[in-house]
Amino acid sequence: MAKKNKKNSKINQKIKHYFDDDPFDVGVARVSSQTLSELFTTLGIYDIDQSKDMLVKTARMMWSEADNDFRADILKFFAHEGKIYKSTTPKESNPDREDKIDMLIGELDVSHEEAVLLHEAFADVRSKKITIEKMESKLRHIRYNLKKERIQKRVDGVFDIDDSLEFNASLHYVLYGQNFHKILTLNTKAYEYDYLQSGDEELLIKEILEEKERVTEKKQQEIESFIKNLSDPHPYLTQKELVSAIRATPPKTKVSYPLLKESILLGILSKELGEIELELHDEELLIAFEQSCKLPYINKEQPYTLELHIELNSLLEDIWKSNKLDFSQVINESKQEHEEQFLSDLASLVEECGSYAALLHLSREALYAKVYEVLLELLPTSLNISPKIARKTVKRFIHSIQDEIVKKQRYTLLARTIRDFKNLFPLARDMRRKLTLHIGPTNSGKTYQAMQKLKSADTGYYLAPLRLLALEGYEDLRDSGINASLITGEEQILDEDATHISSTIEMVNFDVDVDVCVIDEVQMLDDRDRGWAWANAIIGAPAKEIIMTGSPNAKEAIVALAAYLGEELEIIEFERKNPLTLLESPVHEKDVEESTAIIAFTRKDVLKLKQTFSKYFSVSVVYGNLSPEVRREEARRFRSGETQILVATDAIAMGLNMPIKTILFSKAEKFDGVNDRSLLPSEIHQISGRAGRYGLHENGYVGALSADVLSIIKKNFHKEAKTITIPFKVMANLDHIKLVGSILEEKSLHEILKFFVKNMEFDGPFVATNLDDMLEASILVDGYDLDLTTKYHLACAPLTLKSPYITAAYESYLMALEKKMPVTYTTPPLMGSYAQTTDELLRAEDMVKEISLYLWLSYRFGDYFVDAQRARASRGILNKFIENSLQQGQLATKCRMCAAPLPPNSPYGICQACFKKNYAGRGVSNRGYRKN
């Protein structure tokens, strides 16, 4: 302990020299921030606040707590700098000091030189603190230093801080035929303080000189042994590099082996580690190279720079001794330590961020993803999540989720507001309604009985699945002497004295109460796109009695819905009035009889079948792309006997009463809006039921045109239709949309609809309906400066956005409404009285759809769509054009490349000439045609 205190005392005295005789704690305050920063870097301390106050505070703390070696390093730093930091504080004057010093010196036996040094030693000490004991102690120290100076001069060396003698020696090297001498700095053994102080000076000098010779000889032997043991050839260094490294080694280093240039070390290590960065320090080597860390909960790796601190002496030893360089263990350990610390800090950071996002109920994956969005921008290349980075990350994370939290709070409010869907129809809830369900197969009289009940009521509603059926319902009511109005999306025939209304189901008015409401084809509850309309009508139609008609597979669903509503339900089951027979074998096209309906599932197939059977029969055609007026006319022609057979899609499955004796399926697959699939039993039942109508044909027959189709029909004909199950699809009306928009403070119809579909939860057996078509339209309407009500009505319009013709017309209407300009209707030109090709027919069908869209909008925006009469007149002309076209025996198909007519029923989209011109010689046969 005494030795340690002595060394501390010596270091404390030496350091004062650089601070104008002030102690370290006082003098360090005068050192600049830059110099202090360099001091810490030299000491290997990097992670420190760079403010002046913190640098000074840390330096003082280190000095007070440091051991001898650490203080010695600090002293070396200031000694190497050589600067004296002068005090700006005047030294305290002490007029009695000199006299007291002289008095005490007089009591001692000192030389003139010693007296001068004693005066200097006590020049700044207050008089009262100068004592004879201190003077004697200082004198011993002065004499010791003077003795050391004399010895150092005699032995040609300098005592180091540990009291070993440091001296320069000339050493001889013989290497690869080269002879040279180098001066190296060596050290003798350390001498005890007491021995140096009290030992005989001449004997000390003799002993030290002998020690120098011994140390020099030993070092010479080490050099010769070292050179002798060098590998030849050397695995890492050339002869030139070996000689140059030994020649260039400075006299004094902190390592035991010759230093190598940084560029040479970089070349050696790059061969082992790949691309690296390297920093060479006195005692260590800092190596940096790229690594990556797998981030949790995300398929991504974060690159970072891994730093390895390699002990320089050990590395040089391995290189000079030709040892194999193996860094795998140190890399793996360092990588594992670095990444484990990062992942631990990351988990803590995510937990802290998660506490602020609790309301969002984020999954671990989503929470980590949101943290990454902020953190990875701030993360340094070392993966070090410092407290500062953690604070910034949390702050930015909180800012990033503020809008989501506010929106979530609004969602919660919204959910509470409209969760109980049935209460969104207050008029229906205030009535004591009775529900009646008529179920049975087609041709069982269930709809007829419901209509009779409707006709006997004082007021009533008939809700049809199709505009054509709504028109038939309207005419039926009028023919029975009942004042009635017709309301569809594109047509309104209003009677001021009307007691009954016939409408399409989407047009039901939830604010007008009646005695009886008939909801037809209630099994449509299960429809992917329109099922919501039936659910809304059943829940909200304000009628004393709701009569629903549909197929038996709807029974369980209606029972569940009635239970949810808490309303009385009566179920009346109906039986088919005449038998329906399944044919045993397929019917060839030449064997088809009159009063037969051929069923296909695409417009293209219907038109091809029409051309085929026009060779044998007069043909009526019904498919979905035709306007209701044309479908009705085609049905009338078949019903009146003007045509012998009917070619139709499943558009005839709902409510079209025609004298069909036999139904023949041409195919057993259809596209349902998502996939091509086989017909369901319920679809086969519904279509087949149109055969053998009661009072027209006593028996009905069902078959197919081919054996493979008949096989599928037979397989499913006697199967029970799949039971319709909950939940039911429901859709927001305009009031709901306004409510959602108000609570969410959202003006985009697309965003409101997306919220309704994805986020709404309901009490009861409901889910939000598929709104794909409306969502697609909402993207268009959001591009215009229109209010939310206008956007909603526009998105509900009857659109076929797959048709460029309709889409272009729709966008022109949106632009006109934005500019508040009137929208006129221009009658499109027609070439001739009927279409020559299927493409011309399709264009005419699209023109009618455009008119339907125009008329639909004219009922909602009457101030702008001012040509309704002209549009109706044009619709009549177009419908006549289409009817004439359908009555033609053949419609040509044009080559998609040259527009030349193709042969009837050609399976290909191009003609033979275009095939030869574009594909001949390329190894493509006629089978390579792309079919239509």
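Just so it is clear, the structure is predicted and the values come from calculations on it, not from any experiment. No hydrogens, no waters, no symmetry mates; every other heavy atom, side chains included, goes into these values. Numbers for residues simply follow the sequence, beginning at 1.
- The environment of NZ in K16 is crowded: more than 12 heavy-atom neighbours from other residues, nucleotides or ligands sit within 6.0 Å.
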Working for side-chain hydrogen bond (donor to acceptor under 3.5 Å, both in side chains), residues T305 and E290 = CA-CA 5 Å; T305 302; E290 293 302 311; 3.0 Å; yes

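- Residues meeting the side chain to side chain donor-acceptor pair (under 3.5 Å) test with E776, sequence neighbours left out: none.
- Within 6.0 Å of NZ in K294 there are more than 12 heavy atoms belonging to other residues, nucleotides or ligands.
- Atom NE2 of H181 has more than 12 neighbouring heavy atoms from other residues, nucleotides or ligands inside a 6.0 Å radius.
- When the side chain to side chain donor-acceptor pair (under 3.5 Å) test is applied to H309, the partners found at least two apart in sequence or on another chain are E284.
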request  = Go through I246 and W320 one step at a time and tell me if the side-chain contact (heavy atoms from CB on, under 4.5 Å) criterion holds.
outcome  = CA-CA 11 Å; I246 291 174; W320 283 102; 4.0 Å; yes

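- No hydrogens or angles considered: nothing links the side chains of Q336 and N332 as a donor-acceptor pair under 3.5 Å.
- In this structure, H17 has its ring center no closer than 6.0 Å to that of F78.
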Show me the donor-acceptor pairs within less than 3.5 Å that the side chains of residues 394-404 make with the rest of the protein, sequence neighbours left out.
from	atom 1	to	atom 2	distance (Å)
S400	OG	F397	O	2.7
E404	OE1	K370	NZ	3.4
E404	OE2	K370	NZ	2.4

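- The side chain to side chain donor-acceptor pair (under 3.5 Å) test applied to D782 returns S748, K791, not counting sequence neighbours.
- For the residue pair Q341 and E337, no side-chain donor N or O sits within less than 3.5 Å of a side-chain acceptor on the partner.
- Because its NZ or CZ atom is both nearer than 6.0 Å to the ring centre of F180 and within 45° of the ring axis, R247 counts as a cation-pi partner of that residue.
- Side-chain atoms of D53 and S51 form no donor-acceptor pair, as typed in the model, at a separation below 3.5 Å.
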Enumerate, atom names and distances included, each donor-acceptor pair closer than 3.5 Å involving a side-chain atom of residues 371-388, sequence neighbours excluded.
from	atom 1	to	atom 2	distance (Å)
Y372	OH	P296	O	2.7
S382	OG	N384	N	3.4
S386	OG	I389	N	3.2

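- Using modelled atom types, one finds no donor on one side chain facing an acceptor on the other under 3.5 Å when comparing T185 with E166.
- K747 has no carboxylate O lying under 4.0 Å from a charged side-chain N of D787, or vice versa, which leaves the two without a salt bridge.
- In this structure, E818 places its CD atom where more than 12 heavy-atom neighbours from other residues, nucleotides or ligands lie under 6.0 Å away.
- No side-chain heavy atom of E307 sits under 4.5 Å from any side-chain heavy atom of I287.
- In summary, E351 and R364 engage in a salt bridge, as defined by a charged side-chain N under 4.0 Å from a carboxylate O.
- Summarising the local packing, CD of E222 is surrounded by more than 12 heavy atoms from other residues, nucleotides or ligands at distances under 6.0 Å.
- We find that E283 and K254 are joined by a salt bridge, their nearest charged nitrogen and carboxylate oxygen being less than 4.0 Å apart.
- For Y368, there are no side chain to side chain donor-acceptor pair (under 3.5 Å) partners two or more places apart in sequence or in a different chain.
- Looking at E339 and K335, a side-chain N of the basic residue comes within less than 4.0 Å of a carboxylate O on the acidic one, giving a salt bridge.
- L312 is listed as a side-chain neighbour of L259, based on a closest heavy-atom distance under 4.5 Å.
- With contacts defined as side-chain heavy-atom distances shorter than 4.5 Å, the pair L306/S334 qualifies.
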